[in-house]
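When a ligand or atom number is given, it counts from 1 through the structure's own listing order.
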Amino acid sequence: MRSLYLFFVAYIFGIATHTYSLDENRPHVRLHFPDRFLWGVALSEYQVSGAALCKESNWAYWENRQAKLVEDYPRSGAAAHFWEHYETDIMRMKKELGINSLRFSVDWSCIEPKEGHFDENALHHYVQLCVLLKKYDIEPMITLHHFTHPEWFEKKGGFERAENIPYFVRFCTKVFKALGRDVHLWCTINEPTIYAFQGYIRGVFPPGKRGFFSMVPTKKAVEVLKNLLHAHVDVYTALKKLPYGHQAQIGFVHQYLKFEPYSALNLFEQIPGWFLNAFLNDAVLHFCATGTFKYTLHVPFLAHINAFYKAPYGRFLDFIGLNYYSRVLVAVRPGHEYSSAYPGEYMTDMPYASYPEGFYEALKHVSSLNVPVYVTENGISDAKDDRRERFIKEYLTALHKALQEGCDIRGFYYWTFVDNYEWDMGYTQKFGLYELDHVTQQRTLRKGARVYAQTVLNNSLLL
Ligand code: BGC
């Protein structure tokens with residue numbers, strides 16, 4: 001009763017309760033992970049190869065348009081030239097990090113730059129990449145849509161229109177026919193909610209459509225989210241019918257993100273959560289559990305939204321990919337950033353704090369869906385590299401706790417391998433285990449990343 005009371009007081013006044021902070025004086029312990037656990041890194045083609053490679057991508061066109069409107073709009077260029085350097089990079093992944101899985105995306109605009117014209121050389125590139133992964137005993141996990149698609153698809157209205165879904169299914173089928181024999185793990189779509197939020201509420205991703213206050217879901221955003229889930233189901237169904245479809249594990253990737261008030265007494269701090277949590281989290285998790293997407297929002301003069309989609313009867317999810325970084329702690333008070341941290345927490349270079357407690361909560365929540373879970377992204381932007389080691393240790397401790405409690409978590413992918421193009425934030429964010437020298441293209445393993453390599457090597461984490 002007393003602890004419940006204390007928790008209530010802490011919640012009301014906005015005091016953090018830290019479960020995963022590491023005490024320097026503690027005795028060393030070793031946390032063991034299950035046999036055959038997948039340890040990987042995650043990346044997406046556009047973020048590591050840029051507009052220089054993906055010329056026909058909606059993002060390449062978006063960058064061009066933004067550069068005319070916004071001074072110094074960040075351009076991706078050739079990013080880390082991953083397309084050219086993949087052989088040495090994969091060798092590095094094996095030899096220096098020891099990973100046994102790689103999550104990467106196949107860029108649609110490279111494969112189908114013009115509607116109906118498939119570039120067999122580009123497809124062959126990914127075949128070669130998978131051959132190399134096999135040689136190094138690295139299990140591939142492919143993402144078929146990671147925020148980017150061809151500009152011709154965007155011009156048709158992209159995922160705003162359910163009639164466009166068959167174009168995506170056709171592309172996925174093409175890729176699966178080429179790679180399905182050797183690739184068992186498939187993510188159809190990366191973060192449907194974030195794609196819809198950034199492109200149709202905040203307007204910072206293409207097509208740059210904004211909502212009111214950048215906070216209230218718009219009709220378009222909800223329609224896009226609904227169509228993305230619908231597209232996932234259609235791709236799942238189509239791929240399962242192909243040769244090797246039955247042996248493929250097909251899921252999609254959800255970013256578990258919540259807006260929380262700094263203090264429950266401050267109504268202004270509550271508002272973003274009222275509007276966004278149902279859209280960003282609840283509706284998608286409900287869909288995963290039931291096959292039904294339902295979203296309603298009625299705010300006088302602002303929004304009248306009623307969206308509904310039901311997946312046809314039958315299975316549509318073999319696993320769930322979980323991306324988790326943090327929560328947004330909303331502080332509307334003097335002396336605080338909008339997205340803040342409680343005393344004792346530390347900020348990452350992104351506008352959010354480290355929050356391993358939320359990672360544990362997310363793992364427990366998605367595990368209740370009763371499908372295997374892969375942590376498809378987790379990592380820290382830390383230019384000074386003075387928090388990375390601590391972050392990795394605390395988040396992996398949370399992961400271990402969830403495993404101990406019986407959650408069926410099959411793998412963990414660190415975001416990301418090497419510093420990359422962080423979309424509208426350009427190259428300011430340093431998520432890489434490797435630091436990238438943009439002039440020489442040299443990759444240097446960061447000191448704070450060594451704990452990850454050690455954990456992978458021993459399949460256990462030393463605290
Ligand atoms: C996305 C990545 C992004 C990362 C870090 C995720 O939302 O999938 O593309 O780089 O977060 O912000």
Side-chain angles (χ1 to χ4, degrees), residues 40-51 54 57-60 62-63 74 76 79-80 82 102-109 141-149 187-202 204-206 225 228 232 251-259 276 279-281 284 320-328 339 347-355 358-359 362 366 374-383 387-388 391-392 395 412-434 436 449:
V41 289
L43 51 89
S44 85
E45 190 70 88
Y46 194 85
Q47 290 180 271
V48 283
S49 297
C54 314
S57 155
N58 60 333
W59 253 93
W62 167 257
E63 282 186 37
S76 58
F82 181 68
L102 171 67
R103 174 176 175 234
F104 63 97
S105 69
V106 171
D107 190 84
W108 183 2
S109 73
M141 174 187 269
I142 287 184
T143 309
L144 290 159
H145 189 276
H146 196 122
F147 296 162
T148 62
H149 46 238
C187 304
T188 54
I189 295 164
N190 182 65
E191 300 184 345
T193 51
I194 302 299
Y195 174 85
F197 181 48
Q198 300 287 58
Y200 294 87
I201 298 176
R202 291 190 66 220
V204 295
F205 281 15
L225 177 57
L228 286 166
H232 162 77
F252 76 92
V253 172
H254 173 59
Q255 177 170 164
Y256 192 99
L257 179 64
K258 280 189 174 172
F259 282 68
L276 289 173
F279 174 81
L280 287 172
N281 234 23
V284 170
I320 180 88
L322 170 70
N323 287 359
Y324 189 88
Y325 290 90
S326 186
R327 45 77 159 111
V328 180
S339 174
M347 290 300 284
T348 68
D349 293 349
M350 290 290 275
Y352 47 73
S354 161
Y355 190 50
F359 184 37
V366 296
Y374 290 88
V375 178
T376 34
E377 283 179 37
N378 172 251
I380 181 171
S381 169
D382 173 17
R387 288 145 291 167
R388 189 167 274 103
F391 181 97
I392 293 174
Y395 275 67
F412 176 92
Y413 296 79
Y414 188 86
W415 185 271
T416 182
F417 168 60
V418 66
D419 291 340
N420 65 8
Y421 182 67
E422 179 58 27
W423 308 112
D424 57 317
M425 300 176 100
Y427 290 106
T428 56
Q429 301 303 315
K430 311 293 181 189
F431 277 94
L433 291 173
Y434 286 84
L436 177 70

Test item: V375 and F359 side chains (from C-beta on) under 4.5 Å apart, heavy atoms: yes
Atom-level proximity to ligand 1, residues with heavy atom under 4.0 Å: Q47, H146, F147, N190, E191, Q255, N323, Y325, M350, E377, W415, E422, W423, F431
Return the CD to SG distance between E45 and C54, rounded to the nearest 0.5 Å. 5.5 Å
Check the pair Q255 / N323 against side-chain hydrogen bond (donor to acceptor under 3.5 Å, both in side chains), numbers first and verdict last. CA-CA 4 Å; Q255 177 170 164; N323 287 359; over 6 Å; no
Heavy-atom side-chain contact between I142 and F104 under 4.5 Å: yes
Rounded at 0.5 Å granularity, tell me how far OG in S381 sits from CG in D419. 8.5 Å
Would F205 and F147 count as a close aromatic pair, with their ring centres under 6.0 Å? yes
